[in-house]
Amino acid sequence: MAAMCSIIGYVGEKNLGQVLLDGLSRMEYRGYDSAGISGLKDGKFVLLKRLGRVKNLADAVDSSMNLGNVGIGHTRWATHGKVSVRNAHPQISCNGIFSIVHNGVIENYESIKKYLVKQGYKFSSDTDTEVLVNLIEYHYNKEREPKNKFLTSVQKALLHVVGTYGIAVLSKDNPDEIVVARKSSPLLIGVGDGEMFVASDACAIVTHTKNVVYLNDGELARITRSDIFITTMKNKEVNAIKCELDWQTEDVSLKGYEHFMLKEICEQPQSLENAMRGRFSDDMSTSKFGGLQLSPHELRQIDRILFCACGTAWHACLVAEYFIEKYARIPVEVEYSSEFRYRNMPLEKNTLVFIVSQSGETLDSLAALQEAKRKGYKTLAITNVVGSTIARESEGGIYQHSGPEIGVAASKTFTAQICIAAMLALYFGRLHDMSFDEGAAFVQALLQLPEKVAQVLEKKDEIRLIAEKYAHYEDMLFLGRQSMFPIALEGALKLKEISYIHAEGYPAAEMKHGLIALVSEKCPCLFLATQKDILGKTVSNIREVKARNARVVAIVSEEDATSFGYIDDVIAIPDVHDAIRPIVATIPLQLFAYYIAKIRGCDIDKPRNLAKSVTVE
Ligand code: F6R
């Protein structure tokens, strides 16, 4: 059983081992605990599996080793069946006819296994994946019709499966083919010149080809070096529609940075510009989006907006709530996707549901989308990954255009989501009561965003020096009011995720109602004290924690910096329009967490226990 793992496959003339290992290492950020590859050489599977990093597997593959011209590879993140070489993928069928890699969960694997055991099948792992590959072999051995026997056997096996899967299968009797299939687990085919690739994530193949075919749920494909044949589980042939990836090769390399996370933090002036490009009206008084699939008239009828998301994306939704309620006066609800899907929430007829997901693959968010659609609400997605499941299943949406995010902890995609939220607030605001002048000022503020973010990034070294003073603590509180509250939540999440310091985000005043019990010289507090209208209130909260001997670091506006002389550490950010302040204030928090994690020697791009896209409940 494998849930948050990666799949790679290749058929062609290139060095198979290299293509598979390179693909797996580009997907390492997704989180895994074992890795394996298999090739098909002279009618036999060559199988290599190792625990731990892809590097351990690469060490076992001699570059001169000939693995054949067709192969599959996998990184596994164990859910059921412990971390072991025998549970790692690829899994080979009992009689050695098939090799499979699998992402997802086969829920009814126990009953299928029982049946297969009765039929004489032997098992050598604890995985549901081995059950599936043996079920394929079982159907293959029963199949009378020699034409398409490989594809048909995979299809027949999958018809018995309850659960989710992305699979790539090799057959020793069909040495030029890979058969793939998907249900709720991403899979795409890369089309090269006389070669084909299979991957669960485009970043694994973008250095080889930008031409891709996305497989839809319920589809299977037979892939040779020059041909793709796609069909559905119900035998309906499907045209392979090629798309071009808008990612660059350098997007998936470190470009001289020590970590992807630092690179991605520093890319924000560019990613924010990308999020806004082409999205302002000609008169520069409002924003426009190509993919909403709703007319201005329909959008005017919307009387409530619901945002569903997980983790960092959920924090971005909380900022969206402040923005849309403030600028467009439309009531907004924000819910965790995992809660929404089981909550049976009553909503007004004209509710618009936004699903926000960087990866577009988070299972809980996908389920929230499906639940909202089932109830008949209009659904739109905000996502970074073109062709992702959430992008395709929603009725329309907005792409972030942040480029691939490799660091597991979200950074540039969070600020892009807030930027899109600000543009949505502007759009809805202008549909309602926001004046032309207010709209024009809003647009000008957004246009300044990349430059303001760049100014904060220049403070990198200053922030690193401050981080050094906090790296030894084990607890920390992040406090902010209004739209700075979600930023406090995000600052605390970043610190937790990559440095393993316990941190909590809280509304600054709410602290008095319990959290303050934690405040002491052992528990420093970070305040977001940037908003002029409520500055006095936040300052009172700062004094409350100072009186309890807590060390304080405050993010403040440049104009106010001198009045914070009594605070231990101050990071001044440009004084900007309310609509872009949460983004500008996020940058120092990302850098603060990054440098603390670095000082503590943590594995910043691949924090323990975390995966980039969470495709389990
Ligand atoms: C935190 C982080 C996660 C994700 C969450 C949702 O740094 O990256 O909390 O935000 O797993 O992922 P997406 O946005 O891909 O749905």
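As a basis for the values below, the full set of heavy atoms in this structure was taken, side chains included, without hydrogen atoms, waters or symmetry mates. One-based numbering, in listed order, for ligands and for the atoms of each.
When each atom of ligand 1 is checked for a heavy atom of Ala313 under 4.0 Å away, the hits are 10 (O), 14 (O). The atoms of ligand 1 that sit less than 4.0 Å from any heavy atom of Val408 are 8 (O). Close approach to Ala409 involves these atoms of ligand 1, each under 4.0 Å from a residue heavy atom: 7 (O).
Under a 4.0 Å heavy-atom criterion, Ser365 is not in contact with ligand 1. For the ligand labelled ligand 1, residue Lys494 lies inside the 4.0 Å heavy-atom shell.
Annotation: side chain of Glu451 is not in contact with side chain of Pro269 (no heavy-atom distance under 4.5 Å).
Close N/O approach between Gly311 and ligand 1 is not found [any backbone or side-chain N/O within under 3.5 Å]. Taking any N or O of Gln417, backbone or side chain, none lies under 3.5 Å from an N or O belonging to ligand 1.
Taking both residues in full, the closest heavy atoms of Leu589 and Gly491 are given as CD1-CA, 3.6 Å, listed atom of the first, atom of the second, then distance.
Using a 4.0 Å cut-off between charged nitrogen and carboxylate oxygen, Glu333 and Arg304 count as a salt-bridge pair. In this structure, Arg600 pairs ionically with Glu474, as a charged nitrogen and a carboxylate oxygen lie closer than 4.0 Å.
Thr312 N, 3.0 Å is the protein heavy atom nearest to atom 10 (O) of ligand 1. Regarding atom 14 (O) of ligand 1, its nearest protein heavy-atom neighbour is Gln358 N, 2.7 Å. Of the protein's non-hydrogen atoms, the one nearest atom 13 (P) of ligand 1 is Thr362 OG1, 3.2 Å. Protein heavy atom at the shortest distance from atom 15 (O) of ligand 1 is Ser359 OG, 2.6 Å.
At a 4.0 Å heavy-atom cut-off, ligand 1 touches Glu497 through the side chain alone. The residue Thr413 has no part lying near ligand 1, judged by heavy-atom distances below 4.0 Å.
A donor-acceptor pair under 3.5 Å links the side-chain atoms of Asn103 to the main chain of Cys5, judged by distance alone. Judged by distance alone, with hydrogens and angles left aside, the side-chain atoms of Glu335 form no donor-acceptor pair with the main-chain N or O of Leu306 at under 3.5 Å.
Below 30°, between 30° and 60°, or above 60°: for His315 and Phe414 the angle between ring planes is above 60°, a perpendicular geometry. Relative ring orientation between Tyr336 and Trp314 is described as parallel, the plane-to-plane angle staying below 30° on a 0-90° scale split at 30° and 60°. Between Tyr427 and Phe289, the ring planes are perpendicular. Angles over 60° get that label, and only those under 30° would be called parallel.
When the heavy atoms of Ser411, Pro607, Cys310 are ranked by distance to atom 6 (C) of ligand 1, first place goes to Cys310. Compare Gly407, Ala410, Gly360 by their heavy atoms: the one nearest to atom 8 (O) of ligand 1 is in Ala410.
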